[in-house]
Amino acid sequence: MLPIDAAAHASRWRRRHPLEKAVLGLGLTVSAVCLPPWPGGPVVAAASLAVLLGPAGVAPRRLWRAFRIPLGFCFTGAAPLLLQVGGDAGWVSLAPHGPVAATELLLRTSAASLGVLLFAFTTPVSDVLPRLVRAGVPAPVVDVAMVMYRISFLLLDSVARIRQAQAARLGATGRAAAWRSLAGLAATSFVRAFDRAARLQSGLAGRGYDGTLRVLVPEAAVSWRFLGATGVLLGAVVALTLGVEGLWL
């Protein structure tokens, strides 16, 4: 199991209805996208961090390990805005408003990523997928997503076991050995993935699979108090952003 999935299953909000956490996390994400990047980005990021590290109870180290990956994509997406191709300054030169545009994009995307992580760290995928059918998503689409979610963990477990076996046999002692081990890892993982899929299909057929996966969904009532607090938080974020922007201008 991935660390973020393990954290979601052990979260303090594990038993809360996914709708509550979706409104909060996606509300912060939409606020980061729609509000002015300054001061909207820092305000949304601060609110997300306060919820993640406070009521949600996410460990700071675990949050950083998950956040640094999307943060790297944020920097990668903002860096090209610093340059322009062509023009009087030469083939490649610094864009006139590049630093401002890059900073604004970085503020938006990093704050929006924290909003998404808030939902991911508090809501297991196994709690969300079965409820999508009630929301109107076609059942076959949800079934495929559930099967792929299960197979992905089996495949990651197989890759970890193969790498451990290769390391025990000195499969990475040199460059040539490392390339051979990588090729063997890819080939074996490919074969095992198809084998796992075939065994899963046989298991479903033996249990009378009729095209719909029926799973037990933990009962959870929507807390209107939680939704009300979410609305107050989002309203405070919007008001603070617009207020600070007015003072800044």
Side-chain angles (χ1 to χ4, degrees), residues 2-8 10-14 16-83 94-125 127-128 223 225-249:
L2 296 175
I4 193 170
D5 291 278
S11 172
R12 297 176 184 173
W13 290 353
R14 169 71 169 80
R16 287 195 172 276
H17 198 283
L19 178 62
E20 303 172 8
K21 296 171 283 188
V23 171
L24 176 58
L26 298 183
L28 289 171
T29 301
V30 172
S31 300
V33 174
C34 297
L35 291 175
W38 174 261
V43 171
V44 173
S48 301
L49 287 174
V51 176
L52 279 165
L53 302 178
V58 179
R61 183 176 181 181
R62 180 171 288 180
L63 175 60
W64 166 245
R65 291 185 64 182
F67 180 56
R68 63 185 179 182
I69 297 176
L71 184 62
F73 282 101
C74 295
F75 276 100
T76 303
L81 297 179
L82 298 173
L83 305 175
L94 293 176
H97 303 287
V100 175
T103 302
E104 290 180 349
L105 179 62
L106 183 60
L107 290 175
R108 286 187 188 276
T109 54
S110 57
S113 299
L114 285 173
V116 175
L117 286 177
L118 174 59
F119 181 74
F121 264 107
T122 56
T123 312
V125 177
D127 287 354
V128 178
S223 173
R225 181 179 298 178
F226 187 93
L227 292 179
T230 299
V232 171
L233 175 62
L234 296 178
V237 168
V238 174
L240 181 60
T241 300
L242 298 181
V244 174
E245 183 189 22
L247 293 176
W248 184 265
L249 295 177

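Because the structure is predicted, anything quoted here is derived from the model rather than measured. Residue indices begin at 1 and follow the sequence shown.
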What's the verdict on side chain to side chain contact (heavy atoms under 4.5 Å, CB included) for Phe226 and Val23, showing C-alpha distance, side-chain angles and the deciding distance? CA-CA 10 Å; Phe226 187 93; Val23 171; over 6 Å; no
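Separation of atoms CG (Leu26) and OG1 (Thr230) is listed at 11.5 Å; rounding is to 0.5 Å. In this structure, the separation between OG on Ser223 and CG on Leu19 is 11.0 Å, given to the nearest 0.5 Å.
Applying the salt bridge (Lys or Arg N to Asp or Glu O under 4.0 Å) rule to pairs touching residues 17-41 yields Arg16-Glu20, sequence neighbours excluded. Every pair tested for salt bridge (Lys or Arg N to Asp or Glu O under 4.0 Å) that includes a residue from residues 41-51 fails, sequence neighbours excluded, so the list is empty.
Checked against side-chain contact (heavy atoms from CB on, under 4.5 Å), Pro39 has the following partners two or more places apart in sequence or in another chain: Val43, Thr241, Val244, Glu245. Scored by the side-chain hydrogen bond (donor to acceptor under 3.5 Å, both in side chains) test, Arg14 finds Asp127 as partners (sequence neighbours excluded).
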Only distances under 3.5 Å count here; give the side-chain donor-acceptor pairs of residues 102-122 to other protein atoms, sequence neighbours excluded, each with its distance to 0.1 Å.
{"from": "Thr103", "atom 1": "OG1", "to": "Pro99", "atom 2": "O", "distance (Å)": "2.7"}
{"from": "Arg108", "atom 1": "NH1", "to": "Val33", "atom 2": "O", "distance (Å)": "2.4"}
{"from": "Arg108", "atom 1": "NH1", "to": "Leu35", "atom 2": "O", "distance (Å)": "2.9"}
{"from": "Thr109", "atom 1": "OG1", "to": "Leu105", "atom 2": "O", "distance (Å)": "2.8"}
{"from": "Thr109", "atom 1": "OG1", "to": "Leu106", "atom 2": "O", "distance (Å)": "3.3"}
{"from": "Ser110", "atom 1": "OG", "to": "Leu106", "atom 2": "O", "distance (Å)": "2.6"}
{"from": "Ser110", "atom 1": "OG", "to": "Leu107", "atom 2": "O", "distance (Å)": "3.3"}
{"from": "Ser113", "atom 1": "OG", "to": "Thr109", "atom 2": "O", "distance (Å)": "2.7"}
{"from": "Thr122", "atom 1": "OG1", "to": "Leu118", "atom 2": "O", "distance (Å)": "2.8"}
{"from": "Thr122", "atom 1": "OG1", "to": "Phe119", "atom 2": "O", "distance (Å)": "3.4"}

Let me check something: any side-chain donor-acceptor pairs from residues 50-78 under 3.5 Å, sequence neighbours excluded? List them with distances.
{"from": "Thr76", "atom 1": "OG1", "to": "Gly72", "atom 2": "O", "distance (Å)": "2.8"}

